Structures are given as structure tokens and as C-alpha cells.
Amino acid sequence: TAVLSVPLSEVSVEDESFAKNYLKKFFNLTEEEGPAVRRGISPVNKKLAEMQRFFGLQITGSLDADTLAMMKKPRCGVPDEQV
Amino acid sequence: ARFSIYGRKWQKRSLTYRIENYTPDMSVAEVDASIGKALQVWAKVTPLRFTRIYSGIADIMISFVRREHGDFNSFDGPGNTLAHAFAPGDGLGGDAHFDDDESFTFRSSRGVVLFIVAAHEFGHSLGLGHSNVPGALMYPTYSYRNPDTFVLPQDDVRGIQYLYGPNSRKDPSVDDPKPPTTPDACDSNMVLDAVTTHRGEIIFFKDSFLWRSFPQSQTPQQSLIRSLWPSAPVDIDAAYESRQLDTVFLFKGRKVWAFTGNQPVRGYPKTLTAFGLPKGVRKIDAALHDVNSGKTLFFVGNNYFSYDESRKTMEQGYPRLVNQAFAGLTRRVTAAFQHKGYTYIYSGPYVYEYDLGTGTRHRELRNSYFLRC
């Protein structure tokens with residue numbers, strides 16, 4: 001984990017794809033359809049908030065530097081949210 | 001904040017395990033010892049007993065594999081996912097797989113300590129899910145821990161005993177070390193070990209934990225000190241940042257460690273005398289670097305020393321009494337740091353805000369003031 005705070009602008013498209021796979025693997029992100037999505041609550045934002053809550057991060061619902069840093073830590077492959 | 005379970009557990013107390021193959025990273029004896037020790041972590045606090053078998057199907061089958069390995073849950077090469085395990089049950093149930101693209105070690109922090117990863121995975125093999133308590137063994141991310149001094153944390157003890165009960169055969173006359181707990185930032189009676197800044201963050205230390213408070217986020221992030229600095233001490237006495245050197249110094253007893261970012265600085269740990277402190281000083285209580293004067297104050301009991309960072313010498317005329325420089329400060333200083341031009345002196349569970357130039361005290365705050373409860 002770098003002590004330097006990574007400026008937000010540095011989240012790349014690759015990071016976003018990494019984050020999406022992370023949320024699928026560990027927080028049961030599924031490709032949802034339906035009213036909630038149409039109202040703009042993206043499943044990814046929802047799952048990001050759940051992940052941030054689990055790890056005690058600031059709950060922003062968006063892919064910020066802290067969240068990405070936590071996702072990149074070495075970890076166990078068992079999901080954090082059981083189906 | 002607590003452990004979680006799958007709702008599935010073994011109905012028997014005597015379980016078998018089998019090591020199917022080995023990683024080339026460690027000797028056979030080291031792998032055997034790591035796996036056996038990892039299972040004993042759980043046996044020590046439950047009625048569970050583990051017997052090794054060398055052929056056939058065991059309850060817990062242990063293997064080192066890479067990428068796709070037959071359970072539709074492929075590994076991902078070096079880093080990221082280190083291992084996984086399955087909840088109690090037939091077939092894959094209870095089995096633990098270790099990603100052999102990782103570099104496993106017996107006890108070195110230069111790789112991933114197999115014992116620590118295995119103990120975590122065997123928690124899953126016995127029915128535990130992940131815990132969201134930082135510092136718990138069942139917390140999802142890996143942190144280096146010294147296998148020789150490892151004690152199963154309280155949250156994990158609570159979790160596994162929720163499933164299987166305590167160790168009925170434990171000898172009451174033997175005092176086991178108390179399971180470590182994770183300090184609560186909002187505990188108004190908590191006394192912090194040290195506080196420092198580093199590259200714009202404020203870092204608070206307690207036991208083997210730290211909280212990092214970032215300028216752009218509300219919630220300080222708790223984690224193990226060693227998840228940031230694997231070679232750092234725990235239960236430290238003091239810490240300060242030298243901005244000129246872009247370095248954080250951590251003090252424990254007579255030794256001083258130094259880190260830039262999350263890299264250890266070569267040549268450390270050094271001794272307190274390297275910072276101009278007299279040989280007779282065996283530990284310090286707190287350290288404060290004054291950005292304006294470039295001096296660093298070392299607090300020892302009722303006294304403090306002043307170290308000139310640029311000349312690397314202790315200033316003449318010290319030690320002096322703390323309450324000469326800090327009005328109204330009558331008790332031992334436990335931590336100190338500067339923030340936005342003010343000096344914050346921790347004493348017990350309180351924080352006093354001072355103008356260091358005049359020594360006047362502005363406010364009395366609680367220790368959780370910066371931890372944003």
C-alpha cells in the first residue's frame with residue numbers, strides 16, 4: 001500500500017475493469033436490470049458501497065484511490081459476501 | 001463488526017487432513033510444520049482434533065495449484081488471490097487450495113507466510129466466513145504476522161467457538177496468552193501509543209494497529225501496522241515525521257526504525273543515541289517535530305529534549321521540564337504531532353491543543369477528536 005495518496009484522476013479504465021471483476025468475485029455483483037438501475041443506482045455503485053462498508057472505508061459508492069488500494073491487496077479467494 | 005459463518009460445520013470432532021503435493025518455495029518439512037501448526041491454531045481453542053493421513057480422501061485435502069485447477073475457481077497468477085478453501089461438506093468440502101504462483105515462506109516477510117494463509121483458509125474449512133474486523137485472522141486481506149508470536153485474535157476465537165464450543169480438553173492450569181483484540185477508535189478511554197503525519201496523512205498507533213486518516217476522506221482506515229510496514233515494531237513508544245527527509249521514525253525502547261513511504265530506510269533500526277539522546281535514556285514517551293523551527297522534541301517523563309535536525313545534535317540546556325514549555329501540562333505526554341500550525345499533545349485519553357510558539361493552551365479535546373467517531 002503506498003502511503004502517498006493516489007489522486008483520483010489516476011483510476012484507469014483497466015482499474016475499473018479490475019474493480020468490476022473484484023466485486024463480481026467477492027461481493028456477488030451481477031449484471032442487474034430493472035427499475036433500480038433505470039433510476040440510476042448502478043449495481044456497481046451499490047456493490048462498491050457494500051465493499052467500502054465491509055472494509056471500513058469511506059462509503060462513497062465510487063471507485064476512489066483508497067478503495068482501489070484495498071482491492072489490490074493480496075487476499076483470500078473466498079467471497080466476502082456469501083451467496 | 002464480527003466474524004461470519006457459512007452455517008455449515010463438521011458434525012464430528014476428529015477430522016483428517018492430507019497434503020497432496022508441495023510448493024517448491026519451501027522444504028517438505030517446512031510445509032508439513034506450517035500446515036500442522038495452522039490446524040493447531042483452531043484445535044487449541046475447540047474440541048476439534050486433526051489427524052494426518054497420507055493416502056485416500058481426507059476431510060481437508062490440501063494442494064498447491066495454479067490458474068484453472070478443476071474447481072471452476074481459477075487462481076490469477078502472482079499477487080491478488082493467494083488461496084481459497086471450501087466450507088465443510090463432502091467432495092471439495094473442507095479442501096484448501098494454495099496458489100503456487102505465490103512465493104510462500106516459512107516465516108520471512110519477504111514472501112507470503114504459508115502458516116498465516118493456511119490458518120486463515122482452515123478457518124473456512126471449518127465453517128467460518130470472513131470477518132470485517134481488521135486484525136482478525138479471518139479478515140480477507142493478507143498481512144504479515146510473525147508465526148512465532150502468533151495468537152488467534154478474539155474475534156476468531158469467538159467465531160470458531162460459536163460453531164464448536166471451547167476446547168473441552170484444555171488444561172485449566174495452563175495460562176494461554178490472551179487473544180489480542182482490535183482497538184476501537186471510539187473508545188474514549190483509549191490511550192494512543194503515538195501519532196505522526198506522513199505525506200499529508202495523519203497516522204495513529206495503538207498496539208499492533210494503526211489508523212490512517214487521509215485529507216480527502218472522512219473515515220480513518222484501520223489496519224495492522226505490519227500490513228503497511230512488515231518490519232516495523234508493534235506497541236511503539238513514539239513516532240514523528242521529518243519532512244526534510246520525507247521519513248517517518250518509529251521509536252520502541254532504545255531502537256528507532258525509519259520508513260519512507262512504505263519502504264524501510266537502509267541502516268535502521270538505529271539507537272536513541274543516534275538522535276543525540278543520552279545513553280541513560282532507555283525509551284521515550286513521545287516525539288514531536290516542529291515544522292517551524294526544524295527541531296524535534298523528545299518527551300521523557302516530565303522532561304523533554306530538543307534535537308536540531310539540521311545539525312543532528314541535541315540542543316544545549318536540555319532536558320527541560322515539560323510544563324515550562326506547555327502550560328498546564330502536568331501528566332506524562334503519550335503522543336504528539338502538529339497539524340495546520342497547531343501542536344497537539346496527547347496525555348492519557350486527552351489531547352491538548354497548543355500554540356508551540358507561546359506555549360499557550362487553546363483547547364482540551366478527547367483522544368478520538370481526530371479519529372472522527
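Worth saying up front: this structure is predicted, and the values here are computed from it rather than measured. Each chain gets a letter, A, B and so on, in the order its sequence line appears, and its residues count up from 1.
Under the salt bridge (Lys or Arg N to Asp or Glu O under 4.0 Å) criterion, D246(B) pairs with R199(B), not counting sequence neighbours.
Under the 6.0 Å cut-off for aromatic ring centres, F26(A) and H130(B) do not qualify, their centroids lying 6.0 Å or more apart.
Contacts with chain A were tallied for N73(B), D99(B), L82(B); L82(B) has the most, counting heavy-atom pairs under 4.5 Å. When each of E102(B), E121(B), H124(B), H84(B) is scored by its heavy-atom pairs under 4.5 Å with chain A, the top score falls to H124(B). Counting heavy-atom pairs closer than 4.5 Å to chain B, the top residue among R53(A), K25(A), M71(A), Q52(A) is K25(A).
The minimum heavy-atom distance linking V113(B) with Y142(B) is given by the pair N-OH, 2.9 Å.
Residue F259(B): no heavy atom, backbone or side chain, is found under 4.5 Å from chain A. With a 4.5 Å cut-off on non-hydrogen atoms, A85(B) touches chain A through its backbone but not through its side chain. Residue Q263(B) does not touch chain A at all, counting heavy-atom pairs closer than 4.5 Å.
Remark: the Q154(B) side chain and the T181(B) side chain contain no N/O donor-acceptor pair separated by less than 3.5 Å.
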Problem - CA sep, side-chain torsions, deciding dist, call: R75(A), D80(A), salt bridge (charged side-chain N to carboxylate O under 4.0 Å, His left out) - result: CA-CA 11 Å; R75(A) 58 160 293 156; D80(A) 301 323; 2.7 Å; yes
